[in-house]
Amino acid sequence: MRHVWWLVAAIVVPRASIAQTPSAVFDMPGLRDYVHQVLAGNAAYQAAGSRLAAATERIAPAGALPDPTFTTGVIATPIPSFAFTAERMTRIPIGIRQSFPFPGKQRAATAVARADSVLGAEVVGAVEADLVAMAVSAYYALAEVETALRLWDARIALADQSVRVTQARYETGAVPQTDLLRARLRRAQLEERRRQLEADAAGALAEMDALRGGSAELTRATLLRTDGGVALGVVTDTYTPDSILLQQLAMTSPALAVAAAAVERAARRARVFAIAGRPDFTVSVENGIRFGGREPFLTALVGISVPLWSGRKQAPAARAARLDVDDARLRYEDLLARHTGELLSSLAALRALRDRIQQTDEEILPLADAASASALQRYRVGAVSFTTVLDTQDELFDAQLRLARLVADYAAARARLGALVGEEWYR
């Protein structure tokens with residue numbers, strides 16, 4: 001069962017495929033391996049695979065004939081003598097009875113079982129898509145914290161530089177002791193905050209391990225380069241045209257495939273109830289063994305069920321089954337409408353995130369970096385106050401942290417879009 005997802009991939013109902021535009025989000029080192037670990041070890045995914053296997057096993061017995069009935073005993077035996085030769089009617093019957101459903105009932109029951117199996121396969125696909133999106137989000141959440149830790153170390157190093165500059169100026173009497181104390185206070189506050197980031201990293205890793213059902217080797221990644229820029233090509237990401245994505249949604253969405261399979265199952269089940277009132281047949285053959293040299297009796301009977309109470313049993317059940325079909329169809333239409341809205345909303349959010357990432361990376365960060373370096377340099381010569389130095393450093397690192405958060409949010413949204421339309425980039 002550790003590799004059930006490969007088995008599921010082989011038996012899941014094939015869907016139409018549309019060429020998909022790859023995303024830089026999925027090129028993060030180690031991400032594909034982590035997704036494979038999640039699919040191999042997640043208990044909920046394994047449970048969905050087990051339900052699919054169980055549904056497949058039920059196909060064969062669904063259309064099988066009822067078990068035959070074997071009967072035997074004694075008839076017209078005198079008591080208390082139990083003399084089997086005393087009476088002409090005394091005999092030992094040996095018989096067999098077999099019921100035969102009306103033609104079409106077995107085929108209809110088999111069709112329902114097959115529909116259950118197809119539905120189970122589609123449920124596995126939907127669970128897989130959601131799980132992959134969760135895995136990408138968890139991976140980027142850890143990468144965001146790892147990036148924040150690296151940025152924090154750089155921020156502490158800059159705080160150390162500020163302490164040295166302030167110490168030198170304080171020793172010459174150029175600045176009051178307050179500046180030196182504030183510089184040291186800021187460094188201590190940064191150290192305290194780093195401990196929280198370490199705890200956040202441990203929590204993010206624990207969530208990743210929970211998804212994959214245990215710990216394993218993991219390639220660590222950060223979202224920003226050492227110079228502060230974005231480490232992956234998010235700003236150059238392109239998208240399949242909206243019209244094609246909407247077509248892809250209708251054809252390959254795992255959630256919609258589940259809803260469509262539910263409609264088909266309801267229709268198959270309605271067929272079972274529609275013919276439930278048709279009469280079934282029973283064939284019985286019995287051989288009555290007699291004693292005292294008498295010839296045995298042969299009895300052959302044919303029976304037919306009479307749907308006398310169909311007005312209270314089969315007819316209401318058939319109407320209810322047709323209503324179930326309407327319900328399943330309306331649920332599909334509602335889900336299609338909601339997912340269409342979610343798709344268009346996701347695309348708008350992704351494009352906005354990409355533009356924000358580009359502006360932060362190409363404009364805000366360079367300006368914040370220049371302002372921070374300039375403030376520290378001018379403070380050396382007494383041209384600005386120490387408050388200005390602290391403010392510009394905060395602005396620089398806040399911009400870097402915000403950029404890392406934007407990239408992580410973009411990755412989570414892009415993974416959700418992939419799950420929505422049924423992308424299988426990880427195979």
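- For the pair Asn287 and Phe297, the tightest heavy-atom approach, listed with the atom from each and the gap, is OD1-O, 3.0 Å.
- Around CE of Met208, the count of heavy atoms belonging to other residues, nucleotides or ligands within 6.0 Å exceeds 12.
- Here the CG atom belonging to Leu344 is positioned 5.0 Å from the CG atom belonging to Leu246, to the nearest 0.5 angstrom.
- Around CZ of Arg225, the count of heavy atoms belonging to other residues, nucleotides or ligands within 6.0 Å exceeds 12.
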Report task. Kindly indicate, with the supporting measurements, whether the criterion side chain to side chain contact (heavy atoms under 4.5 Å, CB included) is fulfilled by Leu31 and Thr219. Result -> CA-CA 8 Å; Leu31 176 59; Thr219 301; over 6 Å; no
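- At most 12 non-hydrogen atoms from other residues, nucleotides or ligands lie less than 6.0 angstrom from CZ of Arg356.
- One side chain, Ser23 or Asp237, offers a donor N or O that lies under 3.5 Å from an acceptor on the other.
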Report task. Check the pair Arg338 / Glu342 against side chain to side chain contact (heavy atoms under 4.5 Å, CB included), numbers first and verdict last. Result -> CA-CA 6 Å; Arg338 288 190 288 112; Glu342 184 181 351; over 6 Å; no
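- Distance CD1/Ile59 to CD/Glu57: 9.0 Å, rounded to 0.5 Å.
- Contact detail for Ala115 and Arg265: the closest heavy-atom pair is CB-CA, 3.7 Å.
- Between atom OG1 of residue Thr238 and atom CZ of residue Arg354 there is a gap of 8.0 Å, rounded to the nearest 0.5 Å.
- Classification of Arg164 and Asp160 as a salt-bridged pair fails, no side-chain N sitting under 4.0 Å from a carboxylate O.
- In terms of heavy-atom proximity, Pro68 sits nearest to Gln98 at CB-OE1, 3.3 Å.
- Contact between Pro307 and Gly277 at its shortest, heavy atoms only, is CG-O, 3.1 Å.
- Residues Thr240 and Val421 fail the side-chain proximity criterion, which asks for heavy atoms closer than 4.5 Å.
- Side-chain contact between Pro78 and Thr90: present, with at least one pair of heavy atoms (C-beta onward) separated by less than 4.5 Å.
- Side chains of Tyr426 and Val132 form a contact here, defined as non-hydrogen atoms less than 4.5 Å apart.
- Residue Arg88 places its CZ atom among 12 or fewer non-hydrogen atoms of other residues, nucleotides or ligands, all under 6.0 Å distant.
- Under the side-chain hydrogen bond (donor to acceptor under 3.5 Å, both in side chains) rule, Arg194 has a single partner from Glu198, Glu191, Glu192, which is Glu198.
- Other residues, nucleotides and ligands contribute more than 12 heavy atoms inside 6.0 Å of the CZ atom of Arg155.
- Between Trp425 and Phe26, the ring planes lie parallel to each other; the angle is under 30°, not in the 30° to 60° tilted range.
- In this model, a donor atom of one side chain and an acceptor atom of the other lie less than 3.5 Å apart for Ser162 and Gln393.
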Query raised in the report: Step by step, would you call Val136 with Tyr34 a side chain to side chain contact (heavy atoms under 4.5 Å, CB included)?
Result: CA-CA 9 Å; Val136 173; Tyr34 173 65; over 6 Å; no
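- Residue Ser99 comes nearest to Leu65 through the heavy atom pair O-CD2, 4.0 Å, listed as atom of the first residue, atom of the second, then distance.
- Judged purely by distance below 3.5 Å, without hydrogens or angles, the side chains of Asp200 and Gln196 pair a donor atom with an acceptor atom.
- Within the model, atoms CZ of Arg268 and OG1 of Thr110 stand 11.0 Å from one another, a figure rounded to the nearest 0.5 Å.
- Side-chain atoms of Thr392 come within 3.5 Å of backbone atoms of Thr388 as a donor-acceptor pair (strictly under, hydrogens ignored).
- We find that Asp334 and Arg331 are not joined by a salt bridge, their nearest charged nitrogen and carboxylate oxygen being 4.0 Å or further apart.
- With 3.5 Å as the limit, one finds no donor-acceptor pair spanning the side chains of Arg416 and Ser137.
- In this structure, CZ in Arg294 is found 7.0 Å from OG1 in Thr85, a value given to the nearest 0.5 Å.
- Inter-residue side-chain proximity for Asp116 and Arg58 is flagged as unmet; no heavy-atom pair is nearer than 4.5 Å.
- The closest side-chain heavy-atom distance from Arg107 to Arg271 is not below 4.5 Å.
- A salt bridge links Arg351 to Asp242: one of the charged nitrogens lies within less than 4.0 Å of a carboxylate oxygen.
- With hydrogens and angles disregarded, no donor-acceptor distance shorter than 3.5 Å links the side chain of Ser284 to the backbone of Ala300.
- Side-chain contact between Val74 and Phe84 is present, with at least one heavy-atom pair separated by less than 4.5 Å.
- Here the side chains of Asp280 and Lys105 are in contact, with some heavy-atom distance below 4.5 Å.
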